[in-house]
Number of protein chains: 2
Amino acid sequence: MKLDDAAAHLEALGNPTRLKIYRALIRAGGAGLAVGRLQEKLKIAPSTLSHHIKALVVVGLVTQVRDATTLICHANYEVMRELVGFLVAECCTESAETADAKINAKTNAKTAA
Amino acid sequence: MKLDDAAAHLEALGNPTRLKIYRALIRAGGAGLAVGRLQEKLKIAPSTLSHHIKALVVVGLVTQVRDATTLICHANYEVMRELVGFLVAECCTESAETADAKINAKTNAKTAA
DNA sequence: AGCGTTCTCCCATAAAGCTAGAAATATCGA
DNA sequence: TCGATATTTCTAGCTTTATGGGAGAACGCT
């Protein structure tokens with residue numbers, strides 16, 4: 001996963017309402033959850049909810065399957081795993097340190113090259 | 001970690017520039033990286049950079065230590081670990097499924113309670 | 001105290017996001 | 001086809017964010 005993709009995913013989840021939506025879908029399990037059910041749970045306007053769901057769908061964190069007039073939403077575990085993988089690999093452990101680490105230890109001290 | 005806190009952290013990282021800043025700090029290792037060094041790497045206006053760093057500091061993902069006129073920035077591993085922990089526990093694995101899962105499997109089908 | 005260095009804060013502007021009401025669309029059953 | 005249900009799209013207003021120029025503040029050196 002590229003940095004820009006990771007940022008896009010983080011941004012999508014970086015809103016309390018959208019994070020609640022995503023968590024609700026995780027908790028719903030493999031059965032997923034209809035948009036209407038989400039609307040009942042979160043108590044927000046349908047148009048607002050639709051907007052947020054779309055943001056999650058666009059980045060791939062959520063998928064939708066139509067069942068007659070209702071749309072069932074599913075969390076995409078794979079995308080989340082990739083995102084967490086990026087964070088752990090690039091942004092979490094100290095093992096992410098590159099050769100930069102040693103160089104910077106020196107360059108921090110001086111002003112200009 | 002509460003959902004709102006997690007969302008705030010995700011939002012802070014959900015910007016390519018800020019994610020680059022954070023990653024650079026991780027790569028810098030324990031020595032950290034001065035604001036000026038970041039500015040050279042990312043090539044953005046000092047005021048813009050300062051804004052982004054502040055956003056990361058506010059949520060605790062980054063800490064700063066002054067060394068004379070320069071400010072050294074450090075990534076806060078602990079906060080990141082908490083964030084990843086939240087994602088894994090609440091939003092990643094299917095083990096996050098609650099009793100909701102079984103209930104929803106039924107309620108998805110019908111319209112009103 | 002004066003000076004250079006480093007960085008932040010104030011300000012303004014342009015762009016994007018959030019919210020939601022109302023209209024439009026998709027789908028199925030009668 | 002008509003109607004009911006479920007959801008999206010359009011539209012609009014308000015708020016927030018991103019960016020950066022320039023003034024100002026923190027700091028150490030002489």
Side-chain angles (χ1 to χ4, degrees), chain A residues 3-4 7-22 24-25 28 32-59 61-74 104 107-113, chain B residues 4 7-22 24-25 32-59 61-74 104 107-113:
Chain A
L3 185 138
D4 283 350
H9 289 107
L10 292 166
E11 184 181 32
L13 292 172
N15 172 283
T17 301
R18 283 196 296 270
L19 192 53
K20 276 177 200 143
I21 291 171
Y22 190 82
L25 292 180
L33 207 53
V35 174
R37 295 295 83 65
L38 280 167
Q39 205 258 311
E40 287 167 12
K41 282 193 179 230
L42 304 180
K43 308 226 168 62
I44 56 179
S47 61
T48 303
L49 176 61
S50 187
H51 212 60
H52 284 304
I53 292 176
K54 189 177 180 182
L56 291 168
V57 169
V58 163
V59 298
L61 278 162
V62 167
T63 58
Q64 293 179 309
V65 175
R66 182 170 279 283
D67 176 21
T69 60
T70 75
L71 263 177
I72 311 289
C73 302
H74 298 268
N104 292 330
T107 48
N108 267 338
K110 56 181 179 179
T111 299
Chain B
D4 282 350
H9 289 107
L10 291 167
E11 184 180 32
L13 292 172
N15 172 284
T17 301
R18 283 196 295 271
L19 192 53
K20 277 177 200 143
I21 291 170
Y22 190 82
L25 293 180
L33 207 51
V35 175
R37 294 297 81 67
L38 280 168
Q39 205 258 311
E40 287 168 11
K41 281 191 179 234
L42 304 180
K43 307 226 169 60
I44 56 179
S47 60
T48 303
L49 176 60
S50 188
H51 269 305
H52 284 305
I53 292 175
K54 189 177 179 183
L56 291 167
V57 169
V58 164
V59 298
L61 279 162
V62 167
T63 59
Q64 292 179 309
V65 176
R66 181 170 281 283
D67 176 21
T69 59
T70 74
L71 262 178
I72 312 288
C73 302
H74 297 269
N104 292 329
T107 48
N108 266 337
K110 56 180 178 178
T111 299

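Since the model is a prediction, treat every value here as computed from it, not as a measurement. Throughout, protein chains are lettered first and strands after them, A, B, ... in sequence-line order, and every chain is numbered starting at 1.
- Using a 4.5 Å heavy-atom threshold, the side chains of B:Gln64 and B:Val35 count as touching.
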May I have the list of side-chain donor-acceptor pairs in residues 9-21 of chain A shorter than 3.5 Å, sequence neighbours left out?
| residue | atom | partner | partner atom | Å |
| --- | --- | --- | --- | --- |
| A:His9 | ND1 | A:Asp5 | O | 2.7 |
| A:His9 | NE2 | A:Val59 | O | 2.8 |
| A:Asn15 | OD1 | A:Thr17 | N | 2.9 |
| A:Asn15 | OD1 | A:Arg18 | N | 3.1 |
| A:Arg18 | NE | A:Ala12 | O | 2.5 |
| A:Arg18 | NH1 | A:His52 | ND1 | 3.1 |
| A:Arg18 | NH2 | A:Glu11 | O | 3.3 |

Output a table of nitrogen or oxygen pairs between the protein and nucleotides 16-18 of chain C separated by less than 3.5 Å.
| residue | atom | partner | partner atom | Å |
| --- | --- | --- | --- | --- |
| C:dC18 | OP1 | A:Asn15 | ND2 | 3.0 |
| C:dC18 | OP1 | A:Arg18 | NH1 | 3.3 |
| C:dC18 | OP1 | A:Arg18 | NH2 | 3.3 |
| C:dC18 | OP2 | A:Arg18 | NH1 | 3.2 |

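- Look at A:Gln39 and you won't find any side-chain N or O under 4.0 angstrom from OP1 or OP2 of D:dA6.
- Regarding B:Leu33, its CG atom lies at a distance of 14 Å from the C1' atom of C:dC7, rounded to whole Å.
- In this structure, the separation between NE2 on B:His51 and CD1 on B:Ile44 is 11.0 Å, given to the nearest 0.5 Å.
- At a threshold of 4.5 Å between non-hydrogen side-chain atoms, the residues B:Thr63 and B:Val65 do not count as touching.
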So which protein nitrogen or oxygen atoms get under 3.5 Å of nucleotides 22-29 of chain C's nitrogens or oxygens?
none

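- The CG atom of A:Leu49 sits 7 Å away from the P atom of D:dT8 (whole-angstrom rounding).
- At least one side-chain nitrogen or oxygen of B:Lys54 sits closer than 4.0 Å to the OP1 or OP2 atom of C:dC9.
- Among residues two or more places apart in sequence or in another chain, the side chain to side chain contact (heavy atoms under 4.5 Å, CB included) test is passed with B:Val58 by B:Lys54.
- We find that CD1 of A:Ile72 is positioned 8 Å from P of D:dT7, with the value rounded to whole Å.
- In this structure, the CG atom of B:Leu56 is 11 Å from the P atom of D:dA18, given to the nearest Å.
- Put simply, CD1 on A:Ile44 is 11 Å from P on D:dT8, counting in whole angstrom units.
- Each of C:dT8, D:dT8, D:dT7 was ranked by its minimum atom distance to the side chain of A:Gln64; first place goes to D:dT8.
- For the pair A:Leu33 and A:Ala28, the tightest heavy-atom approach, listed with the atom from each and the gap, is CB-CB, 4.1 Å.
- A straight line from CZ of B:Arg37 to P of C:dT5 spans 13 Å, rounded to a whole angstrom.
- One can place CG of B:Leu38 at 13 Å from C1' of C:dT6, the figure rounded to the nearest angstrom.
- In this structure a side-chain-to-backbone donor-acceptor pair under 3.5 Å is missing from B:Gln39 to B:Ala45.
- Between B:Leu42 atom CG and C:dC7 atom P the separation is 13 Å, expressed in whole Å.
- Rounded to 10°, the helix from C:dA1-D:dT30 to C:dA30-D:dT1 has 20° between the axis fitted to its first five pairs and the one fitted to its last five.
- At a threshold of 4.5 Å between non-hydrogen side-chain atoms, the residues B:Leu25 and B:Leu61 do not count as touching.
- Residues A:Lys43 and A:Glu40 share a closest heavy-atom pair of CG-O, 3.4 Å.
- Taking every heavy atom of both residues into account, B:Cys73 and B:Leu38 meet most closely at SG-CD1, 4.3 Å.
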